[in-house]
Amino acid sequence: MAIHIGVDVGGTFTDFAVSIPSENTQLFYKLPSTPSEPDKAILNGLEHLLNNNSIEPRAVLRFAHGTTVGTNALIQRKIGKVAIVTSRGFRDLLEIGRQTRPKVYDMHQDFPAPLVPRWLRFEASERVRADGKVHVPLNEEEIRIIAKAIMSEDIDCVAICFLHSHAFPAHEERAAEILKDLLGERTSVMTSSMVYPEFREYERFSTTVLNAALLTVMSAYLDRLTKEVKRLGLSVEPTISQSGGGLMSVAYSRQYPIRSALSGPAAGVLGAAYRAVTAKEKNIITLDIGGTSADVSLL
């Protein structure tokens with residue numbers, strides 16, 4: 001008997017849906033969330049479902065998980081400590097942003113403080129032009145000096161964000177190689193070309209920083225969840241819903257936690273889209289009201 005289990009962790013409730021295709025049966029279960037330890041409610045719910053429905057853990061072929069752990073960590077700023085290494089002249093890009101703002105000329109408008117303070121944003125001498133030609137070679141000695149500065153700051157993750165690296169990542173990759181060698185395994189190092197290889201510097205830099213900020217939080221959470229799921233006897237590893245739909249492995253989610261930042265709402269929208277097709281409804285609006293936020297989608 002093949003069994004599929006889905007769980008969505010929200011701010012107030014943690015919801016389970018169990019599908020048993022061979023019996024054409026669906027089971028549903030809801031229990032209060034445990035915000036300080038989101039995985040605790042998941043494990044309590046799993047134990048209830050397994051014990052009260054005579055479900056053999058080995059029969060579970062899929063355990064899919066939509067989560068707001070990353071979203072809540074960002075909102076509450078309970079994140080890892082991040083440093084940035086960027087092209088000279090781009091140290092303040094995170095604060096400058098773009099002029100796509102509701103009130104461009106409001107001098108009294110306060111903006112949220114950047115996730116990385118200015119003293120943890122380091123500039124490196126290097127420049128690759130838009131056509132791929134090296135205008136300024138990477139100064140590797142500067143990278144080594146930056147590594148020494150980072151060592152004294154107790155950094156969890158370093159985000160390397162160079163100009164035009166989405167198309168020409170060689171400088172980023174070499175800088176990452178040097179930093180990894182000097183910082184060791186305790187500090188993670190990632191490049192913007194690895195996380196979000198798209199043009200437009202602000203979008204790429206900010207996405208990479210968000211990913212770096214969530215790395216330690218999501219890794220710790222997924223490690224606990226995976227360990228406890230195995231303890232319950234499930235042989236299948238959890239899969240995590242992506243913000244754009246679909247599922248990713250725990251290993252992939254550990255490396256790219258930003259891709260699960262809106263996984264809960266995205267899973268609901270995809271479910272609604274599937275139901276709309278079966279109901280032959282071409283245009284629908286979905287409304288997902290949770291304890292923390294309300295999400296609306298137009299399909």
Without swapping roles, check the side chain of D181 against the backbone of E177 for a donor-acceptor pair under 3.5 Å.
no
Got a donor-acceptor contact below 3.5 angstrom from the S297 side chain to the T286 backbone?
no
Please check: side-chain N/O of N52 versus main-chain N/O of H48, any donor-acceptor pairing under 3.5 Å?
yes
Check the surroundings of atom NZ in K230: do more than 12 heavy atoms from other residues, nucleotides or ligands lie under 6.0 Å from it?
no
Will you find, in the side chains of R259 and S243, an N or O donor that is under 3.5 Å from an N or O acceptor?
no
Looking at every non-hydrogen atom in both residues, tell me the closest pair between T208 and A159 and how far apart they are.
CG2-CB, 3.8 Å
So do the side chains of F13 and D8 get within less than 4.5 Å of each other, counting heavy atoms only?
no
Spell out, yes or no, whether I178 and M151 are grouped together once hydrophobic residues are joined by side-chain heavy atoms under 4.5 Å, including indirect joins.
yes
Under 3.5 Å, side chain of S87 to main-chain N/O of F90, donor-acceptor pair present?
no
Hey, quick one: are F28 and L49 part of the same hydrophobic cluster, counting side-chain heavy atoms closer than 4.5 Å, chains of contacts allowed?
no
Could you tell me whether K180 and E185 have a side-chain N and a carboxylate O separated by less than 4.0 Å?
no
Atom pair CD1/CD1 of I3 and I20 - distance to nearest 0.5 Å:
4.5 Å
Between A175 and I160, the two heavy atoms sitting closest are C-CD1, 3.9 Å
Could you walk me through whether V134 and H171 pass the side chain to side chain contact (heavy atoms under 4.5 Å, CB included) test, one step at a time?
CA-CA 9 Å; V134 177; H171 279 186; 4.0 Å; yes
Would you kindly confirm whether M218 and L215 end up in one hydrophobic cluster when ILVMFWY residues are joined by side chain heavy atoms under 4.5 Å apart?
yes
Check step by step if side chain to side chain contact (heavy atoms under 4.5 Å, CB included) holds for L247 and Q242.
CA-CA 6 Å; L247 296 170; Q242 297 190 86; over 6 Å; no
Work out which heavy atom in D295 is nearest to a heavy atom in P265; give both atom names and the distance.
OD2-CG, 3.6 Å
Heavy-atom nearest pair, V116 first then A83, reads CG1-CA, 4.3 Å
Under 3.5 Å, side chain of T191 to main-chain N/O of M194, donor-acceptor pair present?
yes
Taking the side chain as everything from C-beta on, heavy atoms only, tell me whether V158 gets closer than 4.5 Å to V82.
no
Can you find a heavy atom in the side chain of L299 that is under 4.5 Å from one in the side chain of N283?
no
Take V229 and F63 through the side chain to side chain contact (heavy atoms under 4.5 Å, CB included) test and state the conclusion after the steps.
CA-CA 10 Å; V229 165; F63 177 52; 3.8 Å; yes
Are R62 and E237 ion-paired here, with the side-chain N under 4.0 Å from a carboxylate O?
no
Would a hydrophobic clustering, with Ile, Leu, Val, Met, Phe, Trp and Tyr connected at side-chain separations under 4.5 Å, put L214 with L262?
no
Do S33 and T12 pair up side chain to side chain, a donor and an acceptor below 3.5 Å, judged on atom types alone?
no
Give a yes or no on whether the backbone of S263 and the side-chain of S260 come within a donor-acceptor separation of less than 3.5 Å.
no
Is N211 close to Y196 at the side-chain level, that is, under 4.5 Å between some pair of heavy atoms?
no
Any pair counted as side-chain hydrogen bond (donor to acceptor under 3.5 Å, both in side chains), so long as it reaches residues 160-169, sequence neighbours left out:
S165-E172, S165-S192, S165-R204
Is there a donor-acceptor pair under 3.5 Å between the side chain of S253 and the backbone N or O of A251?
no
Quick one: does N139's side chain have a donor or acceptor within less than 3.5 Å of a partner on E142's backbone?
yes
CG-OG distance between L94 and S206, expressed to the nearest 0.5 angstrom:
7.0 Å
Quick one: CG on L210 to CD1 on I79, what's the gap to the nearest 0.5 Å?
8.0 Å
Treating S241 as the side-chain partner and H65 as the backbone partner, does any N or O pair qualify as donor plus acceptor under 3.5 Å?
no
For D154 and K81, which heavy atoms make the closest approach, and how far apart are they?
O-CD, 3.6 Å
How close do L31 and F16 get, counting heavy atoms only, and between which atoms?
CD2-CE1, 3.7 Å
Quick one: which of R91, R118, R88 gives a salt bridge (Lys or Arg N to Asp or Glu O under 4.0 Å) with E123?
R88
Output the distance between atom CD (Q255) and atom OG (S188), rounded to the nearest 0.5 Å.
10.0 Å
In the structure I gave you, are the side-chain heavy atoms of I84 and F122 within less than 4.5 Å of one another anywhere?
no
Between T14 and V7, is the side chain to side chain contact (heavy atoms under 4.5 Å, CB included) condition met? List the steps.
CA-CA 7 Å; T14 295; V7 57; 3.5 Å; yes
Would the number of heavy atoms belonging to other residues, nucleotides or ligands and lying under 6.0 Å from CZ of R144 be above 12?
yes
Check whether L232 and I55 end up in the same hydrophobic cluster, where Ile, Leu, Val, Met, Phe, Trp and Tyr are linked by side-chain heavy atoms less than 4.5 Å apart.
yes
Check this for me: does any side-chain nitrogen of one of E140 and R174 sit under 4.0 Å from a carboxylate oxygen of the other?
yes
Side-chain (T187) to main-chain (L183) donor-acceptor, under 3.5 angstrom
no
Rounded to the nearest 0.5 Å, what's the gap from CG on L179 to CD1 on I150? Could you check?
5.5 Å
How long is the gap from CD1 on I240 to CE on M248, to the nearest 0.5 Å?
7.0 Å
